[in-house]
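Atom set for the values below is all heavy atoms of this structure, side chains included, hydrogens, waters and symmetry mates excluded. Model, not experiment: these values are computed from the prediction.
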Amino acid sequence: MHDAFEHAVILEKLPLQIDCIATFGDNLLVGTRQGHLLLYGVLDGTGDNRFDVELRSSNKLFSKKPISQLAVVEQLNLLISLSDSVVSVHNLETFAHKFTLHKTKGASVFAVDIKERKQSSVFDPSPALELKLCVSVKRKLQLFSWRNGEFQEREDLLVPDAAKALVWSEDSLCVGFKKEYSLIKTGTGAATELFSTGRHLEPTIASLPSGELILCRDDISIITDSDGKKTQKQTLTWSDTPTELDYAEPYVIALLPRYVEIRTISPRALIQSIELPKSKFIARGKHLYIASPSYVWRLIPVSIPMQIQQLLHDKQFSLALMLADMVVEPEQEKAARKESIQNLYAFDLFCQKKFDDSLQLFAQLGTDPAQVIGLFPDLLPSEFRKLLEYPAPPPQLTPGELEKGCVALVEYLTRKRNELIKNSDKTESLQRGRNKDSTKEPSKADIKAQKNLEHKRQIIDTTLLKCYLQTNDALVAPLLRLKENFCHVEECERVLSKSKKYNELVILYQAKGLHKKGHEHLKLIFDFSVWVLKAHPDDGLKIFTEDLPEVEGLPRDKVLAHIEQCAKQLTIRYLEHIIFLWNESKPDFHNKLINCYRERVQVLMREYLDSLLTGDEPVPPGSEPGELGELRGRLLFLLETSKHYQAQHLLTHFPESFYHERALLLGRVGRHEEALAIYIHILHDPKLAEEYCHRNYNEGREGSKDVYVSLLRMYLAPPEISRKENMKPNIDVALNVLQEHHLKISTAKALELLPPSIQVREVYAFLLNVLEDKERKRKNSQVAFAYYPTGEILHYYCCKNLTSPPNSEHTTPRGSPTPEDNMLQRY
């Protein structure tokens with residue numbers, strides 16, 4: 001809480017009972033139960049007197065009954081009063097009675113709406129001021145508009161009960177009845193029920209400058225727009241039930257039974273409580289007054305700068321920013337004040353461990369990144385960090401909090417880094433433009449700005465590296481590989497060495513040009529890598545497979561020979577790395593890897609076959625258990641997918657037991673019938689045979705266009721090895737191949753292979769498909785076109801005039817040929 005207002009007694013122990021008050025300028029109007037109207041002037045006092053209060057007028061004959069309500073329309077010099085249950089209009093200066101609205105007899109409350117309108121031109125005859133009056137009389141709302149010096153009646157609105165509270169809201173009226181609130185459109189009379197008045201049964205309404213309404217229900221206030229819809233998720237909660245409300249930006253003032261309470265809507269907070277006994281009435285104009293039956297007080301706003309200082313001391317930054325917008329001062333000074341508050345707010349958010357919110361606010365403010373980084377421990381050199389000043393010592397962070405903070409810091413620094421890059425590009429572009437036609441050297445200011453920019457980028461990149469080490473060390477290497485990274489070499493060297501990130505350290509050196517290319521020192525590399533390869537094979541292999549341009553550029557044949565000599569068990573892994581990751585295409589390396597696979601598979605295959613029990617059948621290749629299945633699967637994959645090995649050099653190394661591998665190699669050298677013979681007559685797997693044909697069929701390549709004919713021959717004319725095993729031609733499967741793949745099989749060659757015993761009905765479907773295909777091709781090749789002398793071309797069938805194309809100016813009926821027909825050709 002802080003002091004938003006001070007209070008001072010204006011009238012005390014008045015012998016007349018106050019029933020209402022109103023104010024205009026430096027004047028205070030007091031309406032009494034005895035019917036007297038009192039006018040006081042309240043001016044700034046001198047000496048010990050804060051205010052000089054002067055009774056300027058006392059009209060004892062203003063009314064014979066209590067004055068229940070007063071309203072001032074200063075622009076029209078009018079005073080509107082409610083007394084003896086009727087509304088009257090008076091001269092504001094003399095209180096002279098002008099007229100009484102006799103229709104309002106029985107009135108309980110009235111509401112005035114004053115709007116100043118902008119005239120469209122000097123010739124606009126409509127009044128500059130729009131004054132509307134609504135009077136509640138029993139179950140009616142009587143409407144009036146001010147025209148030509150009088151209130152003109154409008155159509156009354158019927159309501160279910162007498163209104164106890166009444167406020168204008170745009171073209172609607174918010175009405176508080178005994179049990180509920182309603183919003184009534186004055187144009188149509190349509191009513192919207194809002195909500196109940198609560199247990200208190202006394203409605204209390206106030207309006208905001210925005211047109212919103214504050215409606216009380218017991219000890220809470222609900223804020224709605226002029227359509228009755230809630231505009232604030234949360235309500236205002238009071239210490240007791242308010243009897244009156246008013247608004248003095250940015251504060252809502254409520255009169256409670258024991259004291260006056262002051263709150264803000266957003267942020268929702270209790271600001272101040274002032275003990276003003278039995279306060280019942282509130283009036284706001286140039287000044288704010290509160291009255292009880294015998295006292296009147298003025299609420300004096302504390303100066304906004306003083307309020308801001310109190311709020312900053314209490315860390316109420318949102319409200320301090322709100323008040324800063326209200327300070328009357330030059331815009332530059334206001335901006336500086338708000339920035340100072342926001343920086344304090346961002347620092348406080350950090351102290352509350354709200355890292356995302358804090359760093360987002362620092363980013364919006366454009367705070368020096370070093371100032372933000374310094375909030376974290378151990379990210380800046382201690383000497384540099386000591387130079388930074390903060391409102392208070394930054395908080396100590398637990399390991400968990402530090403990690404969470406570093407994640408937010410990474411996002412902040414990444415955004416700042418991108419901003420600096422864009423600014424740098426713009427600056428360079430401007431400098432190039434200025435110096436395009438000049439040999440003038442950059443100014444001292446330009447040089448200083450450039451150095452300052454580079455210094456910021458160095459701090460940001462170095463800090464990013466440290467944050468990555470704490471949150472996600474996989475991002476360290478990509479940062480160091482960036483074309484432009486400004487990482488501070490010595491500082492990064494220190495933290496990388498401490499974290500044992502030696503590979504990243506090498507990348508740092510390479511990025512900064514601090515070591516020469518590797519293959520210039522190949523002998524040294526080989527000499528010093530021997531002990532690593534033997535003692536720590538995994539780390540030793542990384543020497544020759546690290547993701548660095550220098551490593552990738554080493555002569556691979558020499559590296560392979562070195563690995564085979566020092567750590568032969570790593571040969572396969574090295575070859576796999578250069579083939580599958582570095583896309584090595586030299587046939588020698590592919591052949592080498594295939595042979596390495598084969599040699600190891602042969603050893604494991606003998607062990608596997610020896611382990612089988614009598615009667616057990618070997619599983620399909622690549623499905624064997626353990627290392628055998630894994631290696632053989634990789635071998636088959638390489639034989640199927642690689643386009644770089646030399647199959648003719650490998651066949652002699654694969655014995656007959658490697659049926660699947662031999663079939664793939666035979667297919668690669670175009671020996672399709674031998675490959676298919678393995679699939680069909682040795683492995684007895686027609687599915688593999690068809691998959692083989694599908695992979696190798698190529699209509700445009702000699703030797704591959706008849707692969708399905710070779711498949712057909714395997715079924716109809718088994719090779720010698722199959723006949724020795726009493727394998728007979730498989731007519732049914734052959735006919736099925738003809739049926740499914742007739743488009744890929746030469747009809748003449750297929751018919752030559754079929755035995756004479758085959759009946760026509762058995763090949764009927766095949767022949768029918770062939771004939772239909774040929775007929776379709778014939779028809780597709782018979783499309784005729786008409787070519788006109790104008791150069792236009794049409795389908796011949798669409799040509800109705802042989803002399804002129806459609807849409808031409810001259811057409812002749814189609815009939816006997818004309819000389820021009822000689823110019824028309826059919827294709």
Side-chain angles (χ1 to χ4, degrees), residues 5-46 48-101 104 107-112 114 133 135 243-246 248 253 255 260 274 276-300:
F5 295 93
E6 298 174 345
H7 68 282
V9 177
I10 302 299
L11 301 174
E12 58 181 332
K13 298 180 181 180
L14 197 69
L16 301 173
Q17 184 171 339
I18 301 172
D19 265 8
C20 63
I21 59 173
T23 180
F24 64 98
D26 292 322
N27 301 293
L28 171 67
L29 285 169
V30 178
T32 69
R33 180 156 294 185
Q34 291 78 13
H36 297 186
L37 181 64
L38 308 176
L39 174 64
Y40 293 91
V42 184
L43 301 174
D44 291 339
T46 57
D48 295 335
N49 294 328
R50 183 157 191 177
F51 295 106
D52 287 335
V53 181
E54 175 190 3
L55 180 61
R56 293 180 175 175
S57 175
S58 175
N59 191 333
K60 297 180 180 180
L61 301 177
F62 188 81
S63 175
K64 295 179 181 180
K65 298 285 184 172
I67 304 172
S68 305
Q69 190 176 353
L70 292 171
V72 173
V73 185
E74 192 172 3
Q75 301 93 324
L76 299 176
N77 199 31
L78 299 178
L79 174 64
I80 304 171
S81 69
L82 172 60
S83 180
D84 197 12
S85 301
V86 68
V87 175
S88 300
V89 180
H90 312 263
N91 183 286
L92 181 59
E93 293 180 353
T94 64
F95 302 152
H97 180 267
K98 293 175 71 72
F99 56 84
T100 297
L101 296 173
T104 64
S108 58
V109 66
F110 70 83
V112 173
I114 305 171
L133 174 67
V135 184
T243 56
E244 287 290 335
L245 286 177
D246 211 327
I253 302 165
L255 306 187
V260 175
I274 305 174
L276 300 180
K278 300 180 181 179
S279 56
K280 294 179 64 176
F281 315 108
I282 187 166
R284 178 173 53 86
K286 180 181 177 182
H287 304 292
L288 179 62
Y289 294 96
I290 292 174
S292 71
S294 57
Y295 279 76
V296 176
W297 301 271
R298 182 193 279 188
L299 292 191
I300 308 107

Leu76: partners by side chain to side chain contact (heavy atoms under 4.5 Å, CB included), with sequence neighbours left out:
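Leu76 satisfies side chain to side chain contact (heavy atoms under 4.5 Å, CB included) with Val73, Leu78, Leu129, Leu131, Trp146 only.
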Flag side-chain contact, heavy atom, 4.5 Å: [X] against [Y]:
| X | Y | result |
| --- | --- | --- |
| Phe24 | Leu29 | yes |
| Ile253 | Phe5 | yes |
| Phe62 | Leu79 | yes |
| Ile274 | Leu299 | yes |
| Tyr289 | Leu11 | no |
| Ile300 | Arg50 | yes |
| Phe95 | Leu37 | yes |
| His90 | His97 | yes |

For residues 57-72, pull every pair meeting salt bridge (Lys or Arg N to Asp or Glu O under 4.0 Å), keeping only residues two or more places apart or in separate chains.
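Found none.
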Applying salt bridge (Lys or Arg N to Asp or Glu O under 4.0 Å) as the test, list every pair that has at least one member in residues 21-39; sequence neighbours left out.
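Found Asp19-Arg33, Asp26-Lys286.
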Compare every heavy atom of [Y] with every heavy atom of [X], then report the nearest pair and how far apart it is.
| X | Y | value |
| --- | --- | --- |
| Arg284 | Asp246 | NE-OD1, 2.9 Å |
| Thr32 | Leu38 | CG2-CD1, 4.4 Å |
| Val87 | Ala107 | CG2-CB, 4.4 Å |
| Lys280 | Glu244 | O-CG, 3.2 Å |
| Ser279 | Val260 | OG-CG2, 3.9 Å |
| Phe110 | Gln69 | O-NE2, 2.7 Å |

When you measure from the side chain of Ser63 to the backbone of Ser83, do you find a donor-acceptor pair of N or O atoms at a distance under 3.5 Å?
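Answer holds: no.
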Working to the nearest 0.5 angstrom, can you tell me the gap between [X] [atom1] and [Y] [atom2]?
| X | Y | atom1 | atom2 | answer |
| --- | --- | --- | --- | --- |
| Lys98 | Thr100 | NZ | OG1 | 12.0 Å |
| Ile282 | Leu276 | CD1 | CG | 10.0 Å |
| Ile80 | Leu133 | CD1 | CG | 5.5 Å |
| Ile67 | Cys20 | CD1 | SG | 6.0 Å |
| Leu288 | His7 | CG | NE2 | 13.0 Å |
| Arg56 | Leu28 | CZ | CG | 10.5 Å |

Could you walk me through whether Asp44 and Phe51 pass the side chain to side chain contact (heavy atoms under 4.5 Å, CB included) check?
CA-CA 5 Å; Asp44 291 339; Phe51 295 106; 3.8 Å; yes
Candidate pair Leu16 and Val30, rule side chain to side chain contact (heavy atoms under 4.5 Å, CB included), full reasoning:
CA-CA 10 Å; Leu16 301 173; Val30 178; over 6 Å; no
Any donor-acceptor pair under 3.5 Å linking the side-chain atoms of His287 with those of Thr23?
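No, no side-chain donor-acceptor pair sits under 3.5 Å.
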Pick out which of Val296, Asn27, Ile21, Leu55 makes a side-chain contact (heavy atoms from CB on, under 4.5 Å) with Tyr40.
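It is Leu55; the other options fail the test.
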Flag yes if more than 12 heavy atoms outside Leu61 fall under 6.0 Å of its CG atom; otherwise flag no.
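No, CG of Leu61 has 12 or fewer neighbouring heavy atoms, counting only those of other groups under 6.0 Å.
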Step by step, would you call Ser292 with Trp297 a side chain to side chain contact (heavy atoms under 4.5 Å, CB included)?
CA-CA 9 Å; Ser292 71; Trp297 301 271; 3.8 Å; yes
Apply the test side chain to side chain contact (heavy atoms under 4.5 Å, CB included) to residues Lys13 and Tyr295: give CA-CA distance (whole Å), side-chain angles for both, the deciding distance (0.1 Å), then the verdict.
CA-CA 6 Å; Lys13 298 180 181 180; Tyr295 279 76; 3.5 Å; yes
